[in-house]
Amino acid sequence: FPKGVMLTHYNVVNNGKTIGDNMDLSTADRMLIHVPMFHCFGMVLAMTAAVTHGATMCPIPAFSPKLSLECITREKITCCHGVPTMFIAMLEHEDFDKTDFSHMRTGIMAGSPCPIKVMRDVIEKMNMKEITIVYGQTEASPGCTMSRVDDPIEVRVNTVGRALPGVECKIVHPETGEDLPDNVDGEFVARGYNIMKGYYKMPAATAAAIDKDGWLHTGDLARRDENGNFKITGRIKDMIIRGGENIYPKEIEDFLYTHPKVSDVQVVGVPDKQYGEEIMAWIIPKAGATITEEEIKDYVRNNMAKHKTPRYVVFVDSFPMNAAGKILKYKMREMAVDMLNLHAANNIETA
C-alpha cells in the first residue's frame, strides 16, 4: 500500500545541493535526465542538483536507450543518472558503439542495488570516470550516503560511499537496535536534516519507521568499513532463509552478473515445503545468447557455497517494475508461486 512521504523544501533543496557538490557539478555540465521527475531520483538527485549548480538540464520524455544514446551524442552530455537496468539497456543497445561518450564525466547509479560489473562497464565503456553511487530512500529526501568523484575506484565500485554532510549513519542490530561494530552486517539507520516529517496521515507507520531518537530505520542490511564507507548487503525482507541458512540475494546476483551470457539478474526466495524457502534466479540473457538452466546452476555451484545454488532458474525478457524503474521483487515472488505451482508450500502456516 503506497505511503505519502512528507518532504520539506529544506529536506529537498539541501539534499540536492549536497549531491551536486559531491559530483563537482558546475555550469560546464550538461545533464541527461531520463529518470522520472515524479521520483526523488529525478526531482532531487537530477533536477535540484542541476538547478543549485547552474548545470544544463537535457530531459527526455521517458527512458529509451535509443533516445538516451542519441541525446548523449547530440547534446555533448557530461552527466547521466540511471538505475542499473537503464545502464544495462544502453550498454547492450545496437547504437552503443556509434555513441560519442567523449564528453561524459559523472553521474549517479542508484535506485536499486548496483552490480559491481555494471559499474565497471559504465566507467570503462561510457567514459564515466567519476560516476558515483547514492544510497538512500524517499523517506530521506532521498540521499544518505554517496561516493565522491575523487574516491578510489574500488570505493566507488564496491561501496555506496560515506555519509553525506549533515547526515548521521550507523549500523544497528535489526532486533535489539544496539550499535554494531565495523564490518558486521545489520540494519542501516540514518538521522539528520534530510529525514521526512512523516507519512501523510499515517502516524503508526511513521512511528514504526522513525524511532524516538529520530533515527530512520531503512529495512536495508548493510555494513560499514573501517574508513566509514557503507556496503549494502540486502533487504531484511529480501533475505532468504533456506533450511535455517541466511542467504542474501545480492551476493548471488553480483556473482551471476559476471556470467558472459547474463544481461540482468534478480534472485528471490520462493516457498518450499522442505526448506521453508528456496532460491529462484530470474535471468535476462544477453541478445542472441543461448543459455541453459543447468549452465547457471553449475556456474554458481562451482564457485560459491553449494547451498547458494538456485533451485529454480527462469529466463525472461524483462522484470516487473514500477513507474520509477524499481524492480518489484514481491511481484516476482507472487508470479513464481503460480509459475512453479507452489501454492501448497505457500499456504503452510508458520509460527
Side-chain angles (χ1 to χ4, degrees), residues 16-37 41-42 44-112 114-134 143 146-161 257-258 260 263-264 286-288 325:
K17 160 78 165 59
T18 307
I19 297 292
D21 289 346
N22 287 341
M23 294 171 68
D24 204 17
L25 283 184
S26 74
T27 53
D29 282 299
R30 301 175 65 79
M31 182 188 291
L32 165 60
I33 304 180
H34 53 197
V35 288
M37 287 185 180
F41 204 167
V44 185
L45 307 190
M47 190 164 62
T48 310
V51 168
T52 53
H53 290 75
T56 298
M57 291 185 279
C58 304
I60 58 175
F63 174 69
S64 145
K66 184 177 179 65
L67 289 180
S68 295
L69 292 169
E70 282 175 6
C71 186
I72 287 169
T73 300
R74 184 180 66 248
E75 301 294 339
K76 299 182 171 59
I77 294 297
T78 67
C79 172
C80 171
H81 296 352
V83 296
T85 305
M86 288 178 169
F87 283 107
I88 291 167
M90 288 192 288
L91 284 160
E92 298 195 346
H93 195 271
E94 59 186 4
D95 292 346
F96 184 83
D97 289 338
K98 58 188 185 193
T99 304
D100 177 9
F101 295 107
S102 63
H103 297 88
M104 288 283 258
R105 177 182 70 82
T106 188
I108 295 170
M109 193 183 296
S112 292
C114 304
I116 290 168
K117 181 167 188 311
V118 178
M119 278 290 285
R120 288 194 180 279
D121 283 348
V122 168
I123 289 167
E124 292 163 13
K125 298 177 182 177
M126 295 180 70
N127 196 35
M128 295 176 67
K129 301 283 194 295
E130 297 180 7
I131 190 171
T132 64
I133 293 180
V134 171
M146 185 176 185
S147 52
R148 279 42 168 190
V149 292
D150 56 353
D151 278 339
I153 187 169
E154 290 308 313
V155 169
R156 286 190 292 118
V157 166
N158 292 302
T159 80
V160 294
Y257 272 111
T258 67
S263 168
D264 205 351
K286 286 195 172 168

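The shown structure was predicted, so the numbers you read here are calculated from the model rather than taken from an experiment.
- Distance CD1/I116 to CG/N158: 4.5 Å, rounded to 0.5 Å.
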Worked check of side-chain contact (heavy atoms from CB on, under 4.5 Å) between T99 and M126: CA-CA 9 Å; T99 304; M126 295 180 70; over 6 Å; no
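- Between M47 and M37 the shortest heavy-atom distance is SD-SD, 3.7 Å.
- Side chain to side chain, H103 and N127 fail the donor-acceptor criterion of an N or O pair below 3.5 Å.
- With a 4.5 Å cut-off on side-chain heavy atoms, D264 and Y257 count as touching.
- Residues D151 and R148 are not paired through a salt bridge, judged by the lack of any N-O separation under 4.0 Å between the basic side chain and the carboxylate.
- Heavy atoms from other residues, nucleotides or ligands lying under 6.0 Å from NZ of K76 number 12 at most.
- The ring pair (Phe, Tyr, Trp, His ring centres under 6.0 Å) check on F41 picks up H81, with sequence neighbours excluded.
- No donor-acceptor distance shorter than 3.5 angstrom exists from the side chain of T132 to the backbone of V149, with no hydrogens or angles considered.
- Looking at heavy atoms from C-beta onward, V134 lies in side-chain contact with I19 at the 4.5 angstrom threshold.
- The only option from M90, H93, M86 that meets the side-chain contact (heavy atoms from CB on, under 4.5 Å) definition with S68 turns out to be M90.
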D24 and R105: CA distance, side-chain angles, deciding distance, side-chain contact (heavy atoms from CB on, under 4.5 Å) verdict: CA-CA 10 Å; D24 204 17; R105 177 182 70 82; 4.0 Å; yes
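- Shortest non-hydrogen contact noted between P260 and K286 is O-CD, 3.4 Å.
- No side-chain donor-acceptor contact under 3.5 Å links D95 to the backbone of K66.
- Using a 4.5 Å heavy-atom threshold, the side chains of F87 and C80 count as touching.
- Atom OG in S64 sits 10.0 Å away from atom NE2 in H34 (nearest 0.5 Å).
- Looking at every heavy atom in both residues, L25 comes nearest to C79 through CD2-SG, 4.3 Å.
- When atom types are taken as modelled, the side chain of T78 and the backbone of R30 share a donor-acceptor pair closer than 3.5 angstrom.
- Proximity of a side-chain donor or acceptor of T27 to a complementary backbone N or O of G54 within less than 3.5 Å is not detected.
- Smallest separation of non-hydrogen atoms from S147 and I133: OG-N, 2.9 Å.
- The shortest distance between side-chain heavy atoms of V35 and I108 does not fall below 4.5 Å.
- No side-chain heavy atom of E75 sits less than 4.5 Å from a side-chain heavy atom of L32.
- Closest approach of C71 to I77, counting heavy atoms only: O-CG1, 3.5 Å.
- Applying the 6.0 Å contact sphere to NZ of K125 captures no more than 12 heavy atoms from other residues, nucleotides or ligands.
- The distance from the CZ atom of R74 to the CG atom of L69 is 11.5 Å, given to the nearest 0.5 Å.
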Criterion side-chain contact (heavy atoms from CB on, under 4.5 Å) on V118 and M109, from CA distance to verdict: CA-CA 10 Å; V118 178; M109 193 183 296; 3.9 Å; yes
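- Nearest heavy atom pair, residue I88 against residue S263, reads CG2-OG, 3.4 Å.
- Between K129 and M104 the shortest side-chain heavy-atom distance does not fall below 4.5 Å.
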Stepwise side-chain contact (heavy atoms from CB on, under 4.5 Å) check, E130 with D150: CA-CA 7 Å; E130 297 180 7; D150 56 353; over 6 Å; no
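- With rounding to the nearest 0.5 angstrom, the CD atom of E124 is 6.5 Å from the CD1 atom of I153.
- Residue M146 holds its CE atom at 7.5 Å from CG of L45, rounded to the nearest 0.5 Å.
- Under the 3.5 Å distance criterion, the side-chain polar atoms of R156 are matched with a main-chain donor or acceptor of I131.
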